[in-house]
Asker: 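There's a structure below that I have some questions on.
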2 protein chains.
Amino acid sequence: MTYREFVAEIMSSVEDVYRRYYRENRRRIRIKKEDLAVKNYVALINAALRLSAEKGFQAMSMRDLTREAGMSMGALYYYFSGKNDILALIHKEGHKFVKDMLLKYTAGESGPAQKLRTAIRTHLYLSELMRLWFQFFFMETKHQAKKDRKVPIESELWTEKLYMDILREGARAGMFRVDDPGLVGAAIKSLLQDWYLKRWKYVHRGIPIEKYAEFVIAFVEAYVKK
Amino acid sequence: MTYREFVAEIMSSVEDVYRRYYRENRRRIRIKKEDLAVKNYVALINAALRLSAEKGFQAMSMRDLTREAGMSMGALYYYFSGKNDILALIHKEGHKFVKDMLLKYTAGESGPAQKLRTAIRTHLYLSELMRLWFQFFFMETKHQAKKDRKVPIESELWTEKLYMDILREGARAGMFRVDDPGLVGAAIKSLLQDWYLKRWKYVHRGIPIEKYAEFVIAFVEAYVKK
DNA sequence: ATAAATATTTCGAACGCTCGATCGAAAAAT
DNA sequence: ATTTTTCGATCGAGCGTTCGAAATATTTAT
């Protein structure tokens, strides 16, 4: 599957993220009309992700955000009851979306070899489609209060476990040789992360995402192949 | 070489970093006594690195810094003419130190195979010894003005070139099979980075640094081995 | 050797500014 | 007529930086 095909398939599910957030938090949210809320959450989160990528979430002021989203301070506080709500939305809904998509795409595969390839490819494609989200996950996690670090840490461990389970399954089936699935799982995550954390490097060298996916798969398989 | 041995060898060179900074910037710096300056730069940068790791450089206030270093606001501004000077010191002197050490340790090795192993091990050990520096390099680069991103970007590309050159040398000597040394170099950097960016994971699992070094070397060699 | 004079360093209050958040009034939708 | 949403001025707190006075260290004069 090429990246283009992947995007075409998945694009429609994106707005659902905001609709679910609105429905789950109706009581807190002062806006009553769902469609209006969803429309403005899309604009606000896109603006917040853009500004956070530029200067960091901390350095982004609520005034910056209103300017970027074309909204006043007063209106903004009808959608979020504070700056921290924005951070929480991105982390919580974002990680849930990633998890759902990874599960959906890997569930269809039969053998561990093919499952490993599909997981890597889907994960990489997702990180490209949601580039600003992934960058946000990483950059804006470190310096949070303990309780706000829970979601990102659990998500990190969950995806790593996804890879570990595939590797173990392959080892049981006699297809892989894996002495330490934990280290290999961490290595896969690290290689995938490099694509969006050092994006400027790969863009500058003109490396297409499909080629990078092939490279990561080959790199990992060289180590686990019997 | 174990990590302990490496630390014992290198520790003494650390204070030199501050002494050189002071001598090269004497004109700007309002403190006249070199030893006093060096002593307080050590305390100030250590405090700045600790606070930056905790809450990020942006979120660290100059008042936080004076509290952590046991110094008043007025005194602080005798050592730095602004918050940005602190950032610049860490980036510039830090990267220079890393480069010097990598060169020093890899220069001694003869063949490309041994050179690759030594580079990986030295790089990893350095990142552990200077953990807060490396974390700072990564976290505090993204959101800087263009001109302040130059040093980190050049350093990233320099170390990657170090690996690329070793890989090419090995390919010429017929010892390695490397189709794309750029991608392999980037992958090595990514794996090394994971050690200090996701340190909590490795600490939590009780993986010693020597074991991780062996893993990275084995992982890379499995791919480049003919 | 000691006191006076000078140079160096430290101190914390104060300044101007921007921040996140609030609020009552205006506008728009129902 | 009522509800819902938007607006931008306003608040107190905290920011980076400055500054004149106090404290300390060093040099000079006696």
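All chains are named by letter (A, B, ...) in the order of the sequence lines, taking the proteins before the strands, and each is independently numbered beginning at 1.
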Asker: Met71(A) has a side chain; which of dT30(C), dG20(C), dC7(D) sits nearest to it?
Answerer: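 Comparing dT30(C), dG20(C), dC7(D) against the side chain of Met71(A), the answer is dC7(D).
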Asker: So if I take every side-chain heavy atom of Lys83(A) and compare against dT8(C), dA21(C), dT6(D), which nucleotide ends up nearest?
Answerer: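 Of dT8(C), dA21(C), dT6(D), dA21(C) is nearest to the side chain of Lys83(A).
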Asker: On the ring face of Phe57(B), is Lys83(B) found with NZ or CZ under 6.0 Å from the centre and within 45° of the axis?
Answerer: yes
Asker: Within this structure, what is the CG-to-C1' distance between Leu76(B) and dC19(D), rounded to whole angstrom?
Answerer: 15 Å
Asker: Measure from CG on Asn84(A) to C1' on dC19(C) and round the result to the nearest Å.
Answerer: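 In whole Å, dC19(C) C1' lies 15 Å from Asn84(A) CG.
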Asker: Rounded to the nearest angstrom, tell me the gap between atom CG in Asp64(B) and atom P in dT17(D).
Answerer: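 Value for this atom pair: 14 Å.
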Asker: So does Ser72(B) get a side-chain nitrogen or oxygen closer than 4.0 Å to the phosphate oxygens (OP1/OP2) of dT10(C)?
Answerer: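 So the side chain of Ser72(B) is outside the cut-off, no N or O lying under 4.0 Å from OP1 or OP2 of dT10(C).
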Asker: On DNA chain C, does the nearest nucleotide to Ser81(A) precede the nearest nucleotide to Lys33(B) from the 5' side, or the other way round? Give the residue.
Answerer: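 Its nearest nucleotide lies further toward 5', so the answer is Lys33(B).
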Asker: Using whole Å, report how far NZ of Lys55(A) lies from P of dT18(C).
Answerer: 12 Å
Asker: Do the side chains of Arg67(B) and Asp64(B) get close enough for a salt bridge, i.e. N-O under 4.0 angstrom?
Answerer: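 Yes, charged N to carboxylate O under 4.0 Å.
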Asker: Taking the side chain of Met73(B) as heavy atoms from C-beta outward, which of dT4(D), dG12(C), dT10(C) is closest to it?
Answerer: dG12(C)
Asker: Report the nucleotide, chosen from dT5(D), dT17(D), dA21(C), that has the shortest atom-to-atom distance to any side-chain atom of Met62(B).
Answerer: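 The answer is dT17(D).
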Asker: Between Ala75(A) and Met60(A), which residue's closest nucleotide on DNA chain C lies nearer the 5′ terminus?
Answerer: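 Per heavy-atom nearest nucleotide, the more 5' residue is Met60(A).
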Asker: What's the closest nucleotide to the Arg63(A) side chain, out of dC15(D), dT4(D), dC19(C)?
Answerer: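 Closest nucleotide among those given: dC19(C).
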Asker: Nearest-Å distance, CG (Asn40(A)) to P (dA28(C))?
Answerer: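 It works out to 16 Å between those atoms.
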Asker: How many Å lie between OH on Tyr79(B) and P on dT8(C), as a whole number?
Answerer: 14 Å
Asker: Could you check Tyr125(A), Tyr3(A), Trp195(A), Tyr196(A) and say which one makes a ring-ring contact (aromatic ring centres under 6.0 Å, His included) with Tyr212(A)?
Answerer: Trp195(A)
Asker: How close do Pro152(A) and His95(A) get, heavy atom to heavy atom, and via which atoms?
Answerer: CA-CE1, 3.7 Å
Asker: Students often mix this up, so state it plainly: with edges at 30° and 60°, are the rings of Tyr22(A) and Tyr41(A) parallel, tilted or perpendicular?
Answerer: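 Rings of Tyr22(A) and Tyr41(A): tilted, as their planes differ by 30° to 60°.
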Asker: Roughly, in whole Å, what's the span from CZ in Phe80(B) to P in dT18(D)?
Answerer: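 The distance from CZ of Phe80(B) to P of dT18(D) comes to 15 Å, rounded to the nearest Å.
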Asker: Roughly, in whole Å, what's the span from CG in Leu51(B) to P in dG16(D)?
Answerer: 12 Å
Asker: To the side chain of Tyr77(A), which of dA14(C), dT8(C), dG20(C) is closest?
Answerer: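 Of the options given, the side chain of Tyr77(A) lies nearest dG20(C).
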